[in-house]
Amino acid sequence: MEASRPQNGIQLLLSAEQEAQHIVNTAKNAKMARLRQAKEEAEKEIAEFRAQMEAEYQRKLAESTGDSGANVKRLEKETDAKIEQLKAQSSSISPEVVQMLLKYVTTVKN
């Protein structure tokens, strides 16, 4: 019986080692699966965030483009008003300018 005891102890140690190796392998596999799952979740969150930021960018771009059209129209109105104002001013002083030019052209100095 004493000969079987060391044999039995070795067998017990070997089975315990195999069981420990099995537990370690199971834990490694679970860890790898969790890492893959975390990576997929992170990629999903990144894609959602990117889509949200792209939508925000497109919205702001559309707003600024719309404002640009409004700004162009406003500037055109202001320019037209300024042109009309300058035409009115020039037509009001045009006779005076013509008289002054005629005076200088027709006056001879020695």
Which heavy atom of Pro95 sits nearest a heavy atom of Ser91, and at what distance?
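Scanning both residues completely, I find the closest heavy atoms to be CD-O, 3.6 Å.
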Hey, is Arg74 close enough to Glu78 for a salt bridge, meaning N to O under 4.0 Å?
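A salt bridge links Arg74 with Glu78.
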Quick test of your reading of the model: are Glu56 and Arg59 salt-bridged, counting only N-O distances below 4.0 Å?
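Salt bridge between Glu56 and Arg59, a charged N being under 4.0 Å from a carboxylate O: yes.
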Step-by-step side-chain hydrogen bond (donor to acceptor under 3.5 Å, both in side chains) determination, Glu41 to Gln37
CA-CA 6 Å; Glu41 289 173 1; Gln37 181 184 5; 3.3 Å; yes
Less than 4.5 Å apart, side chain to side chain, heavy atoms only: is that true for [X] and [Y]?
{"X": "Glu45", "Y": "Phe49", "result": "no"}
{"X": "Glu96", "Y": "Met100", "result": "no"}
{"X": "Asn25", "Y": "His22", "result": "no"}

More than 12 non-hydrogen atoms from neighbouring residues, nucleotides or ligands closer than 6.0 Å to CE on Met32, yes or no?
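12 or below, so no.
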How about CD on Glu17, more than 12 heavy atoms from neighbouring residues, nucleotides or ligands closer than 6.0 Å, or not?
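At most 12 heavy atoms, drawn from other residues, nucleotides or ligands, come within 6.0 Å of this atom.
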For Lys87, does its backbone N or O pair with a side-chain atom of Ser90 as donor and acceptor, under 3.5 Å?
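Confirmed, Ser90 side chain pairs with Lys87 backbone.
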Distance from Glu19 atom CD to Leu12 atom CG, nearest 0.5 Å?
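These two atoms lie 10.0 Å from each other.
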